[in-house]
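Below: the structure, in structure tokens.
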Amino acid sequence: MSVMMGMVIEADPARFEQVAKDNAELLSSISERAKQAGAISHQFFAGKDSLLVVDEWPDEAGFLGFFEATAADIGSLMAQSGATAQPTPNFWRPMDTADKF
């Protein structure tokens, strides 16, 4: 059963979007490495003063291995975006409840 990974990054969303555009090739490379490592889905969401990264992975270990292997590239993009702290990934597993759809 897969897990959802959520990570809040304290950074300016508009600045991150510009950094993402300016570094589209690197971002695509990181995304390809995530897929090769087993990522099922990935998306950024913008908040007022933060970003939310939401991924689905087969398991926590898969994400953590990928995150460690790409830390320098991801760190570079986050630094350019003005991230103020090291983000911490959080993991959730699906629950079997009657209201699931």
Next item on the list: Hey, could you give me the CG/CZ distance between Leu51 and Arg15, rounded to the nearest 0.5 Å?
Entry: 11.5 Å
Check: Between atom CG of Leu26 and atom CG of Leu77, what is the distance when rounded to the nearest 0.5 Å?
Finding: 4.5 Å
Notebook entry, point to check: How far does CD of Glu60 sit from CZ of Arg93, to the nearest 0.5 angstrom?
Noted result: 11.0 Å
Notebook entry, point to check: Can you name the nearest heavy-atom pair linking Gly47 to Pro13, along with the distance?
Noted result: O-CG, 3.1 Å
Next item on the list: Would you kindly say whether Ser76 and Gln80 are connected by a side-chain donor-acceptor distance under 3.5 Å?
Entry: yes
Item checked: Ala11 to Ser81 - nearest heavy-atom pair and separation -> CB-O, 3.7 Å
Next item on the list: With side chain to side chain contact (heavy atoms under 4.5 Å, CB included) as the test, would you mind laying out the steps for Leu64 and Phe91 before giving the verdict?
Entry: CA-CA 11 Å; Leu64 293 171; Phe91 297 93; 4.1 Å; yes
Notebook entry, point to check: For the hydrophobic clusters of this structure (ILVMFWY residues joined by side-chain heavy atoms under 4.5 Å, transitively), does one cluster hold both Leu27 and Met7?
Noted result: yes
Check: Do you know which two heavy atoms are closest between Phe63 and Pro89, and how far apart they sit?
Finding: CE2-CB, 3.6 Å
Next item on the list: Decide side chain to side chain contact (heavy atoms under 4.5 Å, CB included) for Lys35 and Arg33; before the verdict, give the C-alpha distance in whole Å, the side-chain angles of both, and the deciding distance to 0.1 Å.
Entry: CA-CA 5 Å; Lys35 291 175 193 175; Arg33 287 182 273 171; over 6 Å; no
Notebook entry, point to check: Do Thr84 and Glu10 meet the criterion of a side-chain donor-acceptor pair at a distance under 3.5 Å?
Noted result: no
Note to self: Can you list everything that forms a ring-ring contact (aromatic ring centres under 6.0 Å, His included) with Phe16? Sequence neighbours excluded, please.
What the structure shows: Phe44
Margin query: Measuring only between side-chain heavy atoms, which start at C-beta, is Met5 closer than 4.5 Å to Val53?
Written below: yes
Checklist line | Distance-minimising heavy-atom pair for Ala37 and Phe66 | finding: CB-CB, 4.1 Å
Note to self: Tell me if a side-chain donor or acceptor on Ser29 pairs with a main-chain N or O of Glu25 at a distance below 3.5 Å.
What the structure shows: no
Next item on the list: Kindly compute the distance separating CE (Met4) from CG (Asn90), expressed to the nearest 0.5 Å.
Entry: 12.5 Å
Checklist line | Heavy-atom pair with the smallest gap, counting every atom of Pro87 and Val8 | finding: CB-O, 3.6 Å
